[in-house]
There are 2 protein chains.
Amino acid sequence: MATIYDVAKKAGVGVGTVSRVLNANVHVSPQTRERVLLAIEELDYQPHAVARSLATRRTNSIGVLVPFFTRHFFIEVLRGIQDVAHRTDQGIFLYNVQKHDQKETYLARIPVERRVDGLIVITLRIRDGHAAKFQKGKLPVILVDSYHPILPSLVVDNAYGAKLATEHLLGLGHQKIAFLNGLMRYHASRARKDGFEEAYSQSGLQPDPKLVVETEFDRSGGKQGMAFLWERGARPTAIFAASDLQAIGAIEFLKTKGVRVPEDMAIVGYDDIEMAELLGLTTIRQPMYTMGAEAAERLLGGLEPPPTTEGPRVYRPELVIRESTGC
Amino acid sequence: MATIYDVAKKAGVGVGTVSRVLNANVHVSPQTRERVLLAIEELDYQPHAVARSLATRRTNSIGVLVPFFTRHFFIEVLRGIQDVAHRTDQGIFLYNVQKHDQKETYLARIPVERRVDGLIVITLRIRDGHAAKFQKGKLPVILVDSYHPILPSLVVDNAYGAKLATEHLLGLGHQKIAFLNGLMRYHASRARKDGFEEAYSQSGLQPDPKLVVETEFDRSGGKQGMAFLWERGARPTAIFAASDLQAIGAIEFLKTKGVRVPEDMAIVGYDDIEMAELLGLTTIRQPMYTMGAEAAERLLGGLEPPPTTEGPRVYRPELVIRESTGC
DNA sequence: TTGAAAGCGATACCAT
DNA sequence: ATGGTATCGCTTTCAA
């Protein structure tokens with residue numbers, strides 16, 4: 001494999017000159033540049049990325065720390081990241097977290113290992129200890145769909161999303177709306193609860209606590225949650241589920257009871273996964289691609305100190321109306 | 001940031017010794033090892049990955065070149081790769097191809113840039129020129145769901161998959177089976193056509209060419225393909241679609257015609273995407289996770305010269321029977 | 001067992 | 001404008 005020395009020798013110049021040509025440095029005469037370029041061509045030379053990184057102290061790549069369980073969300077965010085990364089000629093280093101301890105080891109290692117110039121953390125919650133280290137350390141970090149007061153964060157307004165969904169249902173004339181929320185240990189669930197209640201109170205109505213249940217965000221969560229409500233005797237006319245998967249699970253359960261959507265029951269999901277469109281599920285869409293792109297842009301653009309006081313960048317989700325709410 | 005020199009100084013030893021401790025080299029006395037370990041601890045030292053790579057000429061990471069359009073397939077394969085990569089402490093460098101020219105630039109650059117120790121190419125077809133370069137060059141490559149005679153390849157037996165699907169339908173008594181195939185420029189489509197025909201001929205029947213159509217692998221492809229057959233007057237009793245998305249598109253079209261699945265029409269898809277389970281779609285499942293894991297294992301395990309004569313490793317897909325074929 | 005020094009392949013400063 | 005050389009942070013001989 002040819003090195004910069006081989007090129008220099010072949011072109012009859014010093015390595016410094018070759019480097020200048022490589023880096024589009026102005027201080028090189030057209031003739032020499034030509035000679036160097038020729039030598040590069042003949043040797044089929046390409047600079048060694050690792051050596052270059054060591055010298056420049058830049059790796060030209062960003063790390064993405066991601067939990068695999070958020071497939072759809074992660075894929076979309078990743079698409080956004082990838083687009084701007086590619087545009088700016090940056091590589092993407094993937095740190096996937098499948099088990100909890102992986103997160104810890106990664107978080108401890110990535111900053112010191114310095115294999116990447118910056119890190120985007122998706123969905124994963126960052127503890128104060130790590131946050132402080134990041135802030136002190138020189139590795140820029142940005143959180144997507146996760147929030148920490150001293151780190152730049154991009155979050156979605158969950159309360160607003162829930163409010164949108166609930167208002168939509170209330171606007172349709174529904175008064176008995178079941179709420180299949182996620183578990184309260186997730187911040188998203190708590191925020192969505194607020195949004196749900198706010199929509200109700202603004203309409204002058206009261207939500208029925210008997211129609212609220214908390215389950216896992218997945219399909220069986222929705223199924224079980226709905227079953228639980230049903231057994232309990234609840235007979236809502238509409239459902240707001242905190243995830244599309246929960247909504248789908250609920251629909252599955254309802255089907256066994258002969259309840260049709262949307263004829264007998266209106267339903268709104270959350271996430272706008274691929275299936276939502278297919279099933280005609282009204283849902284809340286989050287700007288995942290945009291968040292990924294903006295995260296990458298901010299990471300690459302400015303490595304300014306994190307704007308601590310600024311608070312997180314908050315994105316507004318939108319309501320996507322489909323057949324499941326009978327329109 | 002602490003370097004190995006800081007550690008050496010603090011421990012009162014040479015950098016070589018520190019390096020030996022770091023790399024679990026035997027030639028170091030217990031006492032010195034202790035001292036070094038202590039210094040490392042106190043300085044919170046971690047070796048600089050880039051510098052280490054330059055010295056060892058190993059990056060401890062593998063590249064994954066992937067087209068984003070094969071989302072589900074790619075995600076599953078990636079999960080397999082990630083599992084073994086993590087186990088062997090390797091990083092994953094993601095090269096995503098969204099536009100065609102990206103593939104070319106990546107393929108040209110990755111080998112010389114040497115940012116990774118090996119490369120896994122997913123689904124993308126490799127031209128002879130690149131293949132030859134890879135074979136000559138020192139960067140090990142392995143193809144998943146793609147085949148090139150001089151490169152190690154992991155492929156799925158598409159003919160077999162199609163045969164399984166068709167046999168299933170024939171076994172159910174269907175004689176007029178529509179085949180929504182992919183475009184013939186894809187190898188997969190050609191192989192599946194073979195499998196489709198083989199199943200027929202083994203059963204002593206003849207497929208009706210009027211029931212075969214080639215479309216894109218996506219949902220609208222299925223919709224349009226089915227519409228095309230329908231307009232043409234075709235009235236099959238069953239459908240074999242070359243992708244789940246095509247199957248779903250076909251179902252959507254059929255719904256507009258009042259044709260119910262599976263009552264009026266049996267249907268088999270291909271891929272076993274998430275939605276397939278949800279919709280109760282009988283389909284063909286490919287061992288994606290396994291292929292990813294094996295690809296990574298082979299890449300990391302042996303960097304032996306690619307077994308040219310060996311031919312590709314062929315995986316057998318399996319039939320997953322669900323409600324859409326009325327069982 | 002250990003320390004010193006020579007790479008690894010680039011960049012960047014300092015002379016010229 | 002250009003060449004020479006120190007430097008980046010580590011590994012790995014080579015002596016001692």
Side-chain angles (χ1 to χ4, degrees), chain A residues 1-37 39-40 43-61 89 91 109 111-117 138-139, chain B residues 1-37 39-40 43-61 89 91 109 111-117 138-139:
Chain A
M1 200 94 294
T3 75
I4 199 171
Y5 287 92
D6 302 325
V7 176
K9 195 190 290 176
K10 179 146 215 152
V13 300
V15 292
T17 305
V18 178
S19 176
R20 271 166 226 133
V21 172
L22 249 30
N23 296 286
N25 192 309
V26 249
H27 297 292
V28 51
S29 78
Q31 309 91 293
T32 10
R33 144 170 271 105
E34 241 0 271
R35 292 224 310 284
V36 172
L37 253 20
I40 288 178
L43 290 171
D44 195 22
Y45 167 81
Q46 276 255 356
H48 191 289
V50 176
R52 176 176 266 180
S53 289
L54 184 58
T56 56
R57 302 155 145 281
R58 311 203 67 249
T59 61
N60 293 313
S61 41
D89 212 38
R109 248 165 55 176
V112 275
E113 226 185 28
R114 306 210 74 79
R115 228 200 276 251
V116 293
D117 298 334
K138 283 173 305 189
L139 188 76
Chain B
M1 200 96 295
T3 76
I4 199 171
Y5 285 92
D6 301 325
V7 176
K9 193 190 291 178
K10 179 146 215 153
V13 300
V15 292
T17 304
V18 178
S19 176
R20 272 167 223 131
V21 172
L22 248 30
N23 297 286
N25 191 310
V26 249
H27 298 293
V28 51
S29 77
Q31 309 93 292
T32 5
R33 145 170 273 105
E34 245 354 277
R35 292 225 310 285
V36 172
L37 254 20
I40 288 177
L43 291 171
D44 196 23
Y45 167 80
Q46 276 256 355
H48 190 291
V50 176
R52 176 177 266 180
S53 289
L54 184 58
T56 57
R57 302 158 143 278
R58 309 202 69 249
T59 62
N60 292 313
S61 41
D89 213 38
R109 248 164 54 177
V112 275
E113 225 185 27
R114 306 209 75 80
R115 228 201 277 252
V116 293
D117 298 333
K138 284 172 305 186
L139 187 76

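Letters A, B, ... are given to chains in the order of the sequence lines, protein chains preceding strands, and every chain is numbered from 1. When reading the values below, keep in mind they use all heavy atoms of this one structure, side chains included, and skip hydrogens, waters and symmetry mates.
Atom CD1 of A/Ile4 and atom P of C/dA10 are 6 Å apart (whole Å). Taking atom CG on B/Asp6 and atom C1' on D/dC8, their separation rounds to 14 Å, with Å as the unit. For the pair B/Arg115 CZ and C/dG9 P, the computed distance is 17 Å after rounding to whole Å. Between the P atom of C/dC8 and the CG atom of B/Asp117 lies a distance of 18 Å, rounded to the nearest Å. The separation between B/Asn60 atom CG and D/dT11 atom P is 11 Å, rounded to whole Å. With rounding to whole Å, A/Lys9 atom NZ is found 15 Å from D/dG3 atom P. Atom CD of A/Gln46 and atom C1' of C/dA10 are 14 Å apart (whole Å). Here the P atom of nucleotide C/dG7 and the CG atom of A/Leu54 are 17 Å apart, to the nearest Å.
An OP1 or OP2 oxygen of C/dG9 is reached within less than 4.0 angstrom by no side-chain nitrogen or oxygen of A/Arg52. Contact between the side-chain N/O atoms of B/Thr3 and the OP1/OP2 oxygens of D/dG9 is not found at any separation under 4.0 Å. Residue B/His27 has a polar side-chain atom (N or O) positioned under 4.0 Å from OP1 or OP2 of C/dT1. OP1 or OP2 of C/dT2 lies within a sub-4.0 Å distance of a side-chain N or O belonging to B/Ser29. Distances shorter than 4.0 Å separate some side-chain N or O of B/Arg57 from OP1 or OP2 on C/dG9.
A 4.5 Å side-chain heavy-atom check between B/Leu22 and B/Tyr45 finds at least one atom pair inside the cut-off. Using a 4.5 Å heavy-atom cutoff, the side chains of B/Thr59 and B/Arg114 are not in contact. In this structure, A/Asn60 and A/Asp89 have side chains that are not in contact, with every pair of non-hydrogen atoms separated by 4.5 Å or more. The side-chain heavy atoms of A/Val21 and A/Val13, taken from C-beta on, include no pair separated by under 4.5 Å. The side-chain heavy atoms of A/Arg52 and A/Asn23, taken from C-beta on, include a pair separated by under 4.5 Å. In this structure, the side chains of B/Tyr5 and B/Val18 stay at 4.5 Å or more apart for every pair of heavy atoms. Counting heavy atoms from C-beta on, the side chains of A/Arg35 and A/Thr32 come closer than 4.5 Å.
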Report, one pair per line, the protein and nucleotides 3-5 of chain C atoms (nitrogen or oxygen only) whose separation is under 3.5 Å.
unit_1	atom_1	unit_2	atom_2	d
C/dG3	OP2	B/Gly14	N	2.9
C/dG3	OP2	B/Thr17	OG1	2.5
C/dG3	N7	B/Arg20	NH2	3.4
C/dG3	O6	B/Arg20	NH2	2.7

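Annotation: salt bridge (Lys or Arg N to Asp or Glu O under 4.0 Å) contacts of B/Arg57 (sequence neighbours excluded): none.
Side chain of B/Ser19 to backbone of B/Val15: no donor-acceptor contact under 3.5 angstrom is found.
One axis for each end of the helix from C/dT1-D/dA16 to C/dT16-D/dA1, each built from five base pairs, and the angle between them comes to 40° at 10° resolution.
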Worked verdict on B/His48 versus B/Thr3 for side-chain contact (heavy atoms from CB on, under 4.5 Å): CA-CA 8 Å; B/His48 190 291; B/Thr3 76; over 6 Å; no

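The residue among B/Arg33 and A/Ala55 whose nearest nucleotide of DNA chain C is located toward the 5' end is B/Arg33.
With D/dT12, C/dT2, C/dA10 as the choices, the nucleotide that has an atom nearest any side-chain atom of B/Val28 turns out to be C/dT2.
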